[in-house]
Every structure is written in structure tokens, then in C-alpha cells.
Amino acid sequence: MHLIFDVNETLLDTRALDPLFQRWFGSEATRPEWFLTLQESWMTANLIGRFDPFSSLARSALRQLGAKHDVAISADDEQALVDAILSMPAHGDVQSALSTLRNRGHTLTALTNSALKAAHRQLEHVGLEGHFDAILSVESVERYKPAPEPYRHAARHWGVDTRELVMIAAHGWDLIGANAAGMRTGFIARPGKAMDPALAGVPDWRDDDLSRLLERVVAG
């Protein structure tokens with residue numbers, strides 16, 4: 001089975017960034033606010049047909065948050081955020097889940113909105129790089145998920161139809177995009193993440209434990 005994995009929040013725990021946001025803004029609650037601002041930035045980029053690097057958008061989102069909360073953000077602060085993103089830990093259920101899939105002969109692909117070089121550094125840092133048969137970035141098509149091009153890029157990479165791929169992610173927007181491109185989808189309910197339970201057709205599977213979710217996915 002071809003399994004496609006989102007990286008940030010799905011495999012890697014962005015809560016590791018909380019101390020930075022606590023230091024800058026006095027509240028860890030601003031970290032999800034920053035991520036939502038970052039999502040807004042790449043959705044806007046898709047809509048207007050412009051592609052800016054993920055790190056540039058991440059820095060811009062931090063500056064926007066600083067302006068909103070009247071907090072001065074320095075270039076050193078921006079770099080500290082980028083460095084922390086590259087060194088986030090994996091969620092506790094990831095290593096064993098991916099190892100089990102590899103041992104069973106499934107094909108594993110990372111498909112991320114991060115830059116390709118950054119994705120390799122992120123996954124190498126947590127010892128996950130070797131679990132993947134391919135690591136793909138949206139920068140190859142210059143369109144961010146949930147636009148259809150990244151999902152089609154993954155299918156082209158393997159020479160298969162998108163219907164032969166299953167997308168695993170902690171984001172509803174990612175899975176809705178994958179579903180629209182023809183993929184089946186599995187939602188991993190990371191802390192603070194949810195999908196509309198009344199949404200028809202997506203996801204095909206959902207769970208709050210990655211190993212349990214993947215057992216259900218590969219069982220069909």
C-alpha cells in the first residue's frame with residue numbers, strides 16, 4: 001500500500017515551539033494562533049498564484065503576530081523560530097508505527113509544505129528519514145497543500161493514480177484537498193485537532209493513535 005504522510009503536526013510535535021511563544025508573548029496559546037496565520041499565508045499564496053518559501057511565510061506570520069500583540073520581533077527571533085521548527089520532536093506513537101509499516105513492506109512517502117531541504121533535516125533529526133521511500137515537498141510544484149498539484153505530484157512520483165494513495169494527516173484542510181484529488185484519507189486526531197464528524201466522504205478512517213489508525217487503514 002502507498003501511504004502518504006504530512007509532516008508538521010502529523011508526525012512532528014509543534015508543541016515543542018511553545019516555550020518560544022511563551023517567551024515572546026507570555027502565552028503558549030499564541031503558537032496555534034501563529035500556525036493559523038501561517039496557514040492563511042499559504043492559502044492566500046495559492047489563491048493569488050504566487051509561491052513564497054515556507055520559511056519566509058513562517059517568519060512573516062511571526063511578524064504579523066508581533067504586530068497584532070504589539071510585541072517587537074527581531075531577526076534573531078525569526079531565526080530562532082526557524083531553527084526550532086527544524087528540531088521539533090516526533091509524537092510518541094510515530095517511530096513504532098512507521099517501523100511496523102516498513103517491516104510489512106508498505107511504501108511510505110512524506111509530503112510536506114516545508115521546503116525539501118528542511119523536511120530532510122526535520123526527519124533526520126528525529127531518526128525518521130530512513131523510514132521513508134520518498135520525501136516530497138510542495139516546492140517541486142510551487143503550490144501549497146491543499147491545492148491539487150502536490151497530491152498529483154506524489155502520484156506522478158510513483159507512477160500511480162491518486163486513487164492508489166492514502167493520505168495521513170492531522171489537518172482537515174489537508175485531507176479535504178487529498179480527497180478532492182482522488183486519494184483516500186486517514187485523520188490522526190492530534191491534540192487540538194478535529195474534523196467535522198458530519199462531513200461526508202472524508203476522512204475514510206480516523207483515530208487519535210497513529211498505530212491504531214494505520215492498522216485500520218492497511219486492513220482496508
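The structure presented is a predicted model; accordingly, all values stated were derived computationally and were not measured.
Side chain of Ser56 to backbone of Asp52: no donor-acceptor contact under 3.5 angstrom is found. Arg143 places a side-chain N or O within donor-acceptor distance of the main-chain N or O of Asn46, the cut-off being under 3.5 Å. Between the side chain of Ser99 and the main chain of Gln95, a donor-acceptor pair closer than 3.5 Å is present. Judged by distance alone, the side chain of Asp209 and the main-chain N or O of Arg212 form a donor-acceptor pair under 3.5 Å. Between the side chain of Glu78 and the backbone N or O of Leu62, no donor-acceptor pair lies under 3.5 Å. Trp34 contributes a side-chain N or O that, together with a main-chain N or O of Ala58, makes up a donor-acceptor pair within less than 3.5 Å.
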Given side chain to side chain contact (heavy atoms under 4.5 Å, CB included), test Glu164 with Met1 step by step and report yes or no. CA-CA 8 Å; Glu164 297 182 48; Met1 179 176 283; over 6 Å; no

Between Arg121 and Glu129, is a salt bridge (Lys or Arg N to Asp or Glu O under 4.0 Å) present by the stated rule, with each step listed? CA-CA 8 Å; Arg121 285 186 61 182; Glu129 188 177 24; over 6 Å; no

For Arg31 and Asp18: C-alpha separation, side-chain torsions, deciding distance, then whether salt bridge (Lys or Arg N to Asp or Glu O under 4.0 Å) applies. CA-CA 6 Å; Arg31 188 262 306 165; Asp18 284 354; 2.8 Å; yes

Apply side chain to side chain contact (heavy atoms under 4.5 Å, CB included) to Ile176 and Leu199, showing your working. CA-CA 10 Å; Ile176 291 169; Leu199 189 63; 3.9 Å; yes

Worked check of salt bridge (Lys or Arg N to Asp or Glu O under 4.0 Å) between Asp93 and Arg190: CA-CA 11 Å; Asp93 56 2; Arg190 295 305 188 193; 3.0 Å; yes

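Taken from CG in Leu86 to OG in Ser55, the straight-line distance is 9.0 Å, to the nearest 0.5 Å. Taken to the nearest 0.5 Å, the OG1 atom of Thr112 stands 6.0 Å off from the CD atom of Gln122.
Under 4.0 Å is where a charged nitrogen must lie from a carboxylate oxygen, and between Glu215 and Arg104 at least one such pair does.
Ser74 and Asp77 are linked by a side-chain donor-acceptor pair at a separation below 3.5 angstrom, with hydrogens and angles left out of the test. Glu9 and Thr14 form a side-chain donor-acceptor contact under 3.5 Å, judged by distance and modelled atom types alone. A donor and an acceptor atom, one from each side chain of Tyr151 and Asp174, are located under 3.5 Å apart.
Within the structure, the ring pair (Phe, Tyr, Trp, His ring centres under 6.0 Å) test picks out the following pairs touching residues 157-205 (sequence neighbours left out): His2-Trp158, Phe35-His171, Trp42-Trp173, His171-Trp173. Sorted pairs that involve residues 82-135 and meet ring pair (Phe, Tyr, Trp, His ring centres under 6.0 Å), not counting sequence neighbours, are lacking altogether.
Atom CZ of Arg216 is surrounded by more than 12 heavy atoms from other residues, nucleotides or ligands within 6.0 Å. More than 12 heavy atoms of other residues, nucleotides or ligands lie within 6.0 Å of CZ in Arg63, so this atom counts as buried by the packing criterion.
You'll find the side chain of Gln64 reaches within 4.5 Å of the side chain of Ser41, heavy atoms only. Proximity of Leu81 to Arg59: side-chain heavy atoms (C-beta onward) are nowhere separated by under 4.5 Å. The side-chain heavy atoms of Thr185 and Met195, taken from C-beta on, include no pair separated by under 4.5 Å. Side-chain contact check for Leu101 versus Leu3: some heavy-atom pair is nearer than 4.5 Å. By the 4.5 Å heavy-atom criterion applied to side chains, Met167 and Arg184 are not counted as neighbours. In this structure, the side chains of Arg23 and Leu20 come closer than 4.5 Å at one or more pairs of heavy atoms. Counting only heavy atoms from C-beta outward, the side chains of Leu214 and Phe5 approach each other to under 4.5 Å. You'll find the side chain of His69 reaches within 4.5 Å of the side chain of Leu65, heavy atoms only.
Shortest non-hydrogen contact noted between Thr30 and Ser27 is OG1-O, 2.7 Å. Between Phe51 and Glu142, the shortest heavy-atom distance links the atoms CD1-C, 3.3 Å. Across all their heavy atoms, Asn113 and Phe54 have their closest contact at O-CD1, 3.3 Å. Nearest heavy atoms, Gly66 versus Ile73: CA-CG1, 3.9 Å. Residues Leu11 and Val94 come closest through the heavy atom pair O-CG2, 3.5 Å. In plain terms, the two heavy atoms of Leu175 and Val202 that are nearest each other are O-CG2, 3.7 Å.
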Please tabulate, one pair per line, all N/O donor-acceptor pairs under 3.5 Å involving side-chain atoms of residues 133-140, not counting sequence neighbours.
unit_1	atom_1	unit_2	atom_2	d
Asp133	OD1	Arg102	NH1	2.6
Asp133	OD2	Arg102	NH1	3.0
Asp133	OD2	Leu108	N	2.8
Ser137	OG	Ser114	O	2.7
Ser137	OG	Glu139	N	3.1
Glu139	OE2	Leu116	N	3.1

